[in-house]
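Structure first, then comments.
Quick note on labels: first sequence line is chain A, next is B, and so on, each numbered from 1.
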Amino acid sequence: MSESKDFLRVKVEEDLKAGKYTKIITRFPPEPNGFPHIGHAKSIYINFGIARDYQGHCNLRMDDTNPTTEDMRYVEALKDAVTWLGFEWNESVRFASDYFPKIYEYAVALVKMGKAYVDSLNEEEIREYRGTITQPGRRSKYAQRSVEENLELLERMKNGEFKDGEHVLRARIDMSAANMKMRDPLLYRIRHAHHFRTGDEWCIYPMYDFAHCLSDYIEGITHSICTLEFENNRDIYDWVLDALELTPPRPYQYEFARLGMNYTVMSKRKLLELVDGKYVNGWDDPRLPTIAGYKRRGYTPEAILNFCEQIGIAKANSMVDVAQLEFCIRDDLNKKVPRVMCVVDPLEVTIENYEGEEEIEASYYPHDVPKEGSRKLPFSNTIYIERDDFMETPPEGYYRLTPNQSVRLKGAYILTCKEVIKDENGVIKQIKAVYHPDSRSGNDTSGIKVKSAIHWVSAKHAKQVELRLYERLYKVDMPESLEDLNPDSLHVIKNAFIEPAVIEQKPDVRFQFERQGYFYADPIDYTDAKPVFNKIVGLKDSWNKKVEKKEPAEKPTQTKKVVVEGEVAPMSESELKLYDRYINELNLNSEISNILARDAKLSSFYEESLNILNSPVSLANIVANEVARELKQNEVIKFTPTQIAGLVKMIDEETISSKIAKQVFEQMVQNGENPEDIVQSKGLVQISDPNVIEPLIDEVIAKNQDNIAKYKAGNKNLFGFFVGAVLKATAGKANPKIVNQLVEQKLSS
RNA sequence: UGGGGAUUAGCCAAGCGGUAAGGCAACUGGUUUUGGUCCAGUCAUUCAGGGGUUCGAAUCCCUUAUCCCCAUCCA
């Protein structure tokens, strides 16, 4: 776990500490209507991760309440994903459909309580009656049916006596609720459809809002964690569980921001479109952000888990850079996999002064990866090098082979170009070169300095392999439609050449092809006769980047965004009158006057306190700031205008500092105690005597010499640090004004 | 005539009145038989804008702006 906790874990710890629950139970509740993607991985990591961190457990539950879209195939994909990521669900996989009988009972209970009714409006009418975002809805006339009638109708719905859409069961909540979700939400609908698990047993199916909270309750879930778009549904969640008067404890819902990633799409609809439309090759196409896709591509669970850890959990919609994911997979594979040589785009090199062949022992791992293992590299007079690794007229800073620049063949000899052979179109066909016999890797006595080492394979010994190179599926960072697809997202290289040990020894399934990237033996299409490797991710490439950057001289058009100021609603006449009085008679500033004048509760609170203490400005400040907050957050407040007046009096008389006043005020909020009593009992009278404070400052200065140095070097922000430290030493009782002055003096001397 | 969330660097993200964490990206320099890795360093006088309270504000108050979600018998 990282050092700072996310808000969900903070909540879980609070609940545990408060004894609200003794064991944490979470759940991962996908609907089995599509393949899970990296966004699900985030959710899995959160739900299973929290359960693991707090010694609880996590259930895997299929939210299968809509028989028309769901399938057992997806259930398997979901199970695979969780397992592959390394998590275990508690007991067996759960299904909301297992709870259908129980959920039906709860529906009957609700009807009996008069809290749900059978509505017989048609779909269109229901929509119409619901109203709009700005207009209240109105209740259906069927809402007046008696409990008996509702019970009978519900029973008959269940028995299949009605056609789809003839009736629905709705909760009786509030058709004019500001939250649209609360306008008598549907609980059950009739669907004469075959369910992949319950078959034809049911012809009514519970809606998400009804089934989900009850499934959570039935399983004893404590923290029901979902994505932000369900925030509006939380009210129903709470309503259903409360309305049923269930025995506690009950679960509560919390929401986090779903994962967004640039250059990729995450919606089920769009993924389905890609798969069904054959824009990709199935759900496990390595270009897809599905778990199956990443798995097929060669990603490791560790990399994905680490990614989930790195991106954090918060409530702000965000778009994570794919570079972050790519970093995670490189970071993981770097320390794990063998390095081998594979030439993607071969250029033949004939070494004119070499005869025969030999085998060179070469480690699978570079010096900085502490792993054992090596293989034999065959060497001969005809080799392939990467076409990119030779340039006839190189740009400045090019380290590789040129007619005038020798290069090391990695693990072998230094090579010098002698002649470039081209075809009739001027394309280089072959290079004639010489090697330096005394430059063999490990016992080089040639004294030749080269700028780089390039990879190569012996033409005669190399194996031909197929490489599948993947680029971003989309060409734009925020893809919307099929038109944004990158037409070049897949390159199949049929004739790459790899050193023989990879095929013959199979030291691993994942490799780093030196200087290229990480590759994975395709788990499905790979055969010994026709080896196939998927490119997982390229190596970081600072050379290519440098070359590319030279071309377009990009201008950083940083336009400062212009913020449009909106208009403030005008004040009413009476508010205006108050405002005038505050400004002109009481000398308040316009901001405070404005706040007070516009809020009847605040202004009357203010006037009352003013009757007790004639300190208009101080009172106004505290009422408009502190009191306002409490009034906003709580319906009833425990403190009185008289007490506020008492508090302000102490501030005015400098008995206490404004810092202490906040502390006192906090306690008044808690229990309505008199401020004078709080100050008395806690001994909060402020310390203003410089003779008491000065030694404390000296002590702080003595203990923080490093910060003193930084301060003197110009970091004036540190001033607050010193003041804070001194204040802390007196438990906040030192008079901050005095402390400020004294610290200032000491630091400038 | 709405309600609910959110806003800290190019991208994530801590921070809860007293020194603007960390990661990715980017950029220097060093090591390197991978233009990889690794190592050292740089990268927010400022937290969406404006005002207020305070000795002190990213944090408290007011206000404006922007973005997301809600009117499926989907989840």
| query | Taking OP1 and OP2 of B/C73, is either one under 4.0 Å from a side-chain nitrogen or oxygen of A/R130? | reply | yes

| N/O donor-acceptor pair, side chain A/N625 with base B/G52, under 3.5 angstrom | yes

| query | Sequence neighbours excluded, which residues qualify as side chain to side chain contact (heavy atoms under 4.5 Å, CB included) partners of A/D444? | reply | A/R408, A/I414, A/S439, A/S446

| Side-chain N or O of A/K545 less than 4.0 angstrom from OP1 or OP2 on B/A26? | yes

| Ring-base stacking, A/Y399 with B/G35 (5.5 Å, 30° cut-offs) | yes

| query | Base, sugar-phosphate, or nothing: which does A/N717 touch, judged by heavy atoms less than 4.0 Å apart? | reply | base

| What residues form a salt bridge (Lys or Arg N to Asp or Glu O under 4.0 Å) with A/K315, not counting sequence neighbours? | A/E231, A/E255

| What integer number of Å spans the C1' atoms of B/A25 and B/U64? | 33 Å

| query | Quick one: which of A/L539, A/L333, A/V340 gives a side-chain contact (heavy atoms from CB on, under 4.5 Å) with A/Q512? | reply | A/L539

| query | Has the side chain of A/R408 got a donor or acceptor that lies under 3.5 Å from a partner of the other kind on the base of B/U33? | reply | yes

| message | For B/U37 and A/R330 - does any side-chain N or O of the residue sit under 4.0 Å from the phosphate oxygens OP1/OP2? | response | no

| Under 4.0 angstrom, heavy atoms only, what part of the nucleic acid is A/F722 near: base, sugar-phosphate, or nothing? | nothing

| query | Among the nucleotides B/U37, B/C61, B/U19, which one has an atom lying closest to any side-chain atom of A/D368? | reply | B/U37

| request: Measure the distance from CG on A/N33 to C1' on B/A75 and round it to the nearest whole Å. | output: 7 Å

| task | Take the protein atom CD1 of A/I236 and the nucleotide atom P of B/G3, then report the distance between them rounded to whole Å. | result | 18 Å

| query | So what does A/Q512 touch, heavy atoms closer than 4.0 Å: a base, only the sugar-phosphate, or nothing? | reply | base

| message | Salt bridge check, A/R515 against A/E386: does any charged N sit closer than 4.0 Å to a carboxylate O? | response | no

| query | Which part of the nucleic acid does A/K410 contact within heavy-atom distance under 4.0 Å: base, sugar-phosphate only, or nothing? | reply | base

| request: Give a yes or no on whether a donor-acceptor pair under 3.5 Å exists between the nucleobase atoms of B/G51, that is its base, and the side chain of A/E591. | output: yes

| field | A/E124 bridged to A/R127 by N-O distance under 4.0 Å | value | no

| Between the base of B/U54 and the side chain of A/N740, is there any donor-acceptor pair under 3.5 Å? | no

| query | So, is B/U32 syn or anti if syn means the angle is within 90° of 0? | reply | anti

| request: Give A/I592 one of three labels, base, sugar-phosphate or nothing, depending on what nucleic acid heavy atoms sit under 4.0 Å from its own. | output: sugar-phosphate

| said: Tell me whether A/Y208 and B/A75 count as stacked here, given that the ring centres must be under 5.5 Å apart and the planes must differ by less than 30 degrees. | reply: no

